[in-house]
Amino acid sequence: MVNLIIDGQHVQAEEGWTILETARYYGIDTIPTLCYREGLTTDSSCRLCVVEIISRGRSRLSASCSYPVQEGIEVRTNSRRVRQARKIIIELLLASCPNSKTLQCLASQYGIKELRFKVEDRGCILCGLCVRMCKEQMQAGAIGFFNRGVDRRVAMPFHVRSDVCRECGACLYICPVCELQCRGPREPGDLCNGCFEAIRIDPFPSRD
Amino acid sequence: MEEDVRPEVQVMERYGYERSYLISILHEVQKEYQYLPEQALRNVAAGMGISLVDIYGVATFFKAFSLKPKGKHSIVLCMGTACHVRNSRGLLEEARRFLGIEPGDTTDDLLFSLDTVNCLGACALGPIAVIDGEYHGQMTPAKMERLLKKLAKEEGVRK
Amino acid sequence: MKGSLSSPKDLNEYRKSIQSTKKKFEKVISVCGGTGCHAQNCVQVREEISRELDERLLSDKVMVKFTGCHGFCEMGPLVVIHPAGILYVKVSPSDAQRIIESSVVGDSVIDELLYKDVATGKNFEKEQDVPFYSKQKRLLLAMNGMIDPQNIEDYIAQEGYSALVKALFEMSPEEIIKEVEIAGLRGRGGAGFPTANKWKACRRARARDNIKYILCNADEGDPGAYMDRSLLEGNPHAVIEGMIIGAYAIGATEGFVYVRHEYPLAVENLLKALEQARQLGLLGDNILGSGFSFDIKVSVGGGAFVCGESTALMASIEGRIGEPRVKHIHTAEKGLYNRPTNLNNVETWANVPIIIREGAEAYARIGTEKSRGTKIFSLVGKVRNTGLVEVPMGITLREIIFDIGGGMANGKAFKAVQTGGPSGGCIPESMLDTPVDFERLTEVGSMMGSGGMIVMDESTCMVDIARYFVDFLCEESCGKCVPCREGLKQMRFILDDIVSGRATGKQLELLKELAEVVRDTSLCGLGQTAPNPVLSTIKYFEDEYHEHIEEKRCRAGVCRDLIEYQIDADKCTGCLRCKAQCPVGAVLGEKEKPHHIDLSKCEKCGICYEVCEFGAVLRK
């Protein structure tokens with residue numbers, strides 16, 4: 001067993017568990033995730049689950065979904081530094097997908113009042129859940145990532161319907177942005193901030 | 001059975017269908033066709049037992065590969081830092097204006113392709129333009145225009 | 001060439017026979033065949049020299065060697081005549097005849113072809129006396145000028161593969177690692193991780209099927225850096241020898257060199273070198289009868305900067321998208337194909353044979369306390385002597401730029417030097433006495449990086465430089481994680497606003513805030529270091545940012561939206577030249593009357609400014 005501290009609480013975890021798994025096992029639900037889903041491989045690409053890890057007197061941010069627990073480390077899942085980083089990440093995501101209900105709710109929860117980045121609606125946050133779902137659970141591999149850098153996209157090869165696609169719809173089912181549109185009263189690019197579903201979690205009882 | 005003469009098949013044979021040579025294989029297939037045609041990529045995927053999604057991902061990820069046919073004349077501009085501080089962007093804008101295409105594209109008449117590279121490592125000559133494989137060092141926008149005009153004239157097109 | 005050598009004794013005898021054959025040549029003419037000189041027609045220079053020697057029936061007395069890069073690219077094509085060591089610069093094919101006449105048949109020197117120091121007007125006859133070379137310490141690059149990289153005999157004659165013999169037959173793997181540790185060798189790819197620690201971890205790692213890999217990173221992606229290419233092109237056997245020694249120390253059976261496809265000559269020379277080493281039994285099964293087997297494959301890249309990142313490089317070798325993954329489990333344990341893997345870059349590998357051959361103590365005497373040995377830099381940009389320089393660690397940036405580099409070209413004032421490529425930073429004049437050392441360069445907000453050193457003068461805009469690197473990284477990011485992909489994109493939008501005069505002070509604050517989050521939360525090293533060019537230019541040149549934002553002014557005259565071209569009526573002679581060249585017809589005027597520029601049409605390409613012989617076009 002590995003001993004560590006999460007948000008001031010002494011906890012034990014099995015060797016090989018990630019910080020996210022451990023936190024959730026102990027009922028600590030202050031770590032939001034987007035690209036992580038049980039049953040799929042971990043991609044660690046959205047970085048929303050970053051937490052502050054203090055080890056040997058040094059503090060740094062790391063994605064909790066892939067960070068294996070280590071003896072003696074201290075983890076802060078909701079410190080000021082963590083929230084600040086998550087806010088920027090949510091703002092970045094919203095700038096590329098302003099109508100997503102998931103993201104609008106996250107923005108409300110994190111008290112984001114203003115979208116400071118230039119909005120370019122792409123309708124996709126490239127979390128890759130659909131790609132992994134298609135390949136790992138549906139055993140199809142009909143969609144994938146193409147291009148790189150700012151041009152990265154999810155599509156079928158050559159942008160034509162793939163022979164291996166069975167139109168099962170699993171990609172749509174798992175997508176955190178394309179199905180649920182935010183219906184809050186707002187202009188395109190505005191922040192909703194009004195939904196009763198969005199429970200504000202900020203400011204959180206801070207331990208830092 | 002008749003021997004398969006498609007270039008991509010021969011290339012795969014030569015590399016023993018080994019996946020660790022995939023990028024080299026794609027380079028050689030591209031050499032054969034001057035670009036990577038859809039059918040050739042489909043054949044490579046089938047031949048090597050790699051899913052089409054993976055091949056297409058690799059072919060679009062790396063900058064060296066083009067899925068569109070290239071023009072007769074290639075204009076390559078070095079955008080390395082050493083060239084940048086010596087005004088390579090001026091060259092690029094001139095080439096872009098003259099040819100009316102963006103880097104990575106080819107003119108509709110398939111005569112000119114404009115590409116940029118991140119560094120040719122011949123920084124002493126910067127800024128550098130490589131036109132049809134020939135290095136032109138210490139370039140300026142005016143020299144660029146002159147070289148392009150000359151090429152266009154040879155091809156009998158008005159630009 | 002000889003067949004397989006089956007013992008150290010065989011190799012020694014072979015070396016002696018090569019050396020004695022070489023003795024019959026009275027003179028050796030070495031022509032630089034590096035890429036820089038290639039672009040300046042060195043192939044024809046060599047051909048003319050060979051033809052001239054043939055005609056004079058001198059071919060069996062004088063040898064012509066087509067070598068790797070000599071480093072002094074500014075002055076190429078370079079020709080050196082040994083044993084006297086006379087250096088001729090900017091040689092053209094038509095000079096071949098008089099070179100042979102005076103300096104090969106005769107013993108005189110052609111003054112016009114010598115290097116002339118601009119400041120003093122003094123001519124230098126010998127390569128080692130030229131200021132560009134005299135302050136360098138050419139441990140790795142020295143051989144580049146002496147050997148034909150396509151001929152293994154040249155390398156062997158220069159004591160090549162003697163370190164391999166020493167390692168395989170006189171040392172245990174642990175002793176080799178200890179030696180590398182005493183030498184204090186640190187990774188030359190940028191981060192400066194102690195090489196011996198890496199090797200130890202990989203040696204210790206358990207391989208499930210006894211397969212371990214060692215890799216050589218030759219995917220030199222930093223723009224403005226070409227050290228690794230020159231080593232691989234000019235002296236591939238040094239890298240190969242280093243890798244075999246490393247493999248023996250670590251217990252690896254297979255190696256890969258991952259090389260950029262943009263370096264065709266390096267690939268060609270490397271493949272040839274591997275083939276020759278294999279033929280001689282220096283590579284493959286039972287190397288020199290030692291019982292140790294190891295071979296190297298070459299994997300060509302596809303043009304992706306992110307493949308300099310270890311896990312992305314490994315993915316690429318496996319034939320997958322070059323995307324990094326999280327590495328909480330170290331690649332020393334699970335790397336290529338999930339097997340223990342050790343990765344070092346070209347320059348690091350090339351240091352290994354020197355350490356083993358000359359001994360760790362001798363090596364460790366060079367450099368500083370924590371950074372030992374030498375480092376190769378590509379000194380480029382607005383400096384007078386562009387080229388590759390190898391210097392002892394601890395030398396100051398000022399010495400490199402002003403003593404070796406000869407100061408600024410065109411007499412403009414120095415502004416900054418950029419090291420570490422897109423992951424590094426810009427260092428201002430006030431920090432020029434910083435010694436070249438892994439820690440010190442990091443302290444001043446830059447990093448050693450792989451060795452690009454781009455010199456900038458007052459005509460370089462620092463905001464534009466920051467935007468240049470962000471632009472570069474937007475394309476070169478793999479696009480996997482959000483902070484890097486979306487963060488860089490937004491940083492570019494903000495910088496676009498700044499260089500075009502649309503930005504507000506608030507945006508500069510947002511840029512800083514964003515840069516810090518990108519640094520803290522990105523998945524791999526590319527993203528974590530991507531904000532460095534922005535943060536370091538803000539740190540040292542914040543004034544320039546404010547000028548762009550508040551005064552809408554670019555003092556370097558680079559940012560197009562903030563400048564205007566005008567014609568000084570007093571200076572303009574009305575020659576029509578600018579009018580004829582203007583691609584958009586924005587210059588108006590008649591012959592012999594002062595012209596003027598229609599600013600509504602002007603696209604600010606600067607052609608008029610460039611072609612005016614009278615300095616009448618002004619940039620404001």
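Residue numbering restarts at 1 for every chain, and letters A, B, ... go by the order of the sequence lines. Only a predicted model underlies this, so the values are computations on that prediction, with no experimental measurement involved.
Annotation: C:Lys512, atom NZ; neighbour count of heavy atoms from other residues, nucleotides and ligands within 6.0 Å is above 12. Shown here is A:Ile5, whose CD1 atom has more than 12 heavy atoms of other residues, nucleotides or ligands within 6.0 Å. Surrounding CZ of A:Arg58 are at most 12 heavy atoms belonging to other residues, nucleotides or ligands under 6.0 Å away. Dense packing is recorded around CZ of A:Arg161, with more than 12 heavy atoms of other residues, nucleotides or ligands lying under 6.0 Å away. A 6.0 Å sphere centred on OH of A:Tyr25 holds no more than 12 heavy atoms belonging to other residues, nucleotides or ligands. Heavy-atom contacts from other residues, nucleotides or ligands closer than 6.0 Å to NE2 of C:His330 number 12 or fewer. Around CG of A:Asp163, the count of heavy atoms belonging to other residues, nucleotides or ligands within 6.0 Å does not exceed 12.
Only the side chain of C:Glu323 comes within less than 4.5 Å of a heavy atom in chain A; its backbone stays farther off. Proximity to chain A (any heavy atom under 4.5 Å) is restricted, for C:Ile321, to the side chain, taken from C-beta onward. Neither the backbone nor the side chain of A:Arg86 has a heavy atom closer than 4.5 Å to any heavy atom of chain C. Of the two parts of A:Leu48, neither the backbone nor the side chain holds a non-hydrogen atom closer than 4.5 Å to a non-hydrogen atom of chain C. For A:Ile88, the part lying near chain C is the side chain, with the backbone staying farther off; criterion is any non-hydrogen pair under 4.5 Å. For A:Ser62, the part sitting under 4.5 Å from any heavy atom of chain C is the side chain, from C-beta outward, and nothing else.
The OG atom of A:Ser66 lies 7.0 Å from the CG atom of C:Leu523; values are rounded to the nearest 0.5 Å. Separating the SG atom in C:Cys478 from the CG atom in A:Asn147 is a distance of 12.5 Å, to the nearest 0.5 Å. Distance check: A:Thr42 OG1 to C:Arg325 CZ gives 13.0 Å after rounding to the nearest 0.5 Å.
Residues C:Gln490 and A:Ala95 approach most closely at NE2-CB, 3.6 Å, considering heavy atoms. When every heavy atom of C:Pro483 is checked against every heavy atom of A:Cys46, the shortest pair comes out as CD-O, 4.5 Å. Across A:Ile125 and C:Arg485, no two heavy atoms sit closer than the pair O-NH2, 3.1 Å.
With hydrogens and angles ignored, the 3.5 Å screen pairs a side-chain donor or acceptor of A:Arg152 with a backbone N or O of C:Gly479. Side-chain N or O atoms of A:Arg47 include none that pairs as donor or acceptor with a backbone N or O of C:Val482 at under 3.5 Å.
Between C:Lys480 and A:Phe145 there is no side-chain heavy-atom pair separated by less than 4.5 Å. No side-chain heavy atom of A:Tyr67 sits under 4.5 Å from any side-chain heavy atom of C:Val326. Between A:Leu92 and C:Leu514 there is a side-chain heavy-atom pair separated by less than 4.5 Å. Side-chain contact between C:Glu513 and A:Arg116 is present, with heavy atoms from C-beta onward closer than 4.5 Å.
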*Can you check salt bridge (Lys or Arg N to Asp or Glu O under 4.0 Å) on A:Arg81 and C:Asp520, steps first, answer last?*
CA-CA 10 Å; A:Arg81 193 170 165 213; C:Asp520 288 349; 3.4 Å; yes
*So A:Phe117 and C:Lys489, side chain to side chain contact (heavy atoms under 4.5 Å, CB included) or not? Walk me through it.*
CA-CA 10 Å; A:Phe117 297 121; C:Lys489 189 170 129 183; over 6 Å; no
*C:Arg492 vs A:Val150, side chain to side chain contact (heavy atoms under 4.5 Å, CB included): CA-CA, chis, key distance, verdict*: CA-CA 11 Å; C:Arg492 180 164 67 177; A:Val150 295; 4.0 Å; yes
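Among residues 302-316 of chain C, the residues having any heavy atom closer than 4.5 Å to a heavy atom of chain A are, in sequence order, C:Gly303, C:Ala304.
Contact tally against chain C (heavy-atom pairs below 4.5 Å) for A:Gly128, A:Cys127, A:Gly144, A:Ser96: the top residue is A:Ser96.
The pair A:Arg148-C:Glu475 does not count as a salt bridge, with every side-chain nitrogen at least 4.0 angstrom from each carboxylate oxygen.
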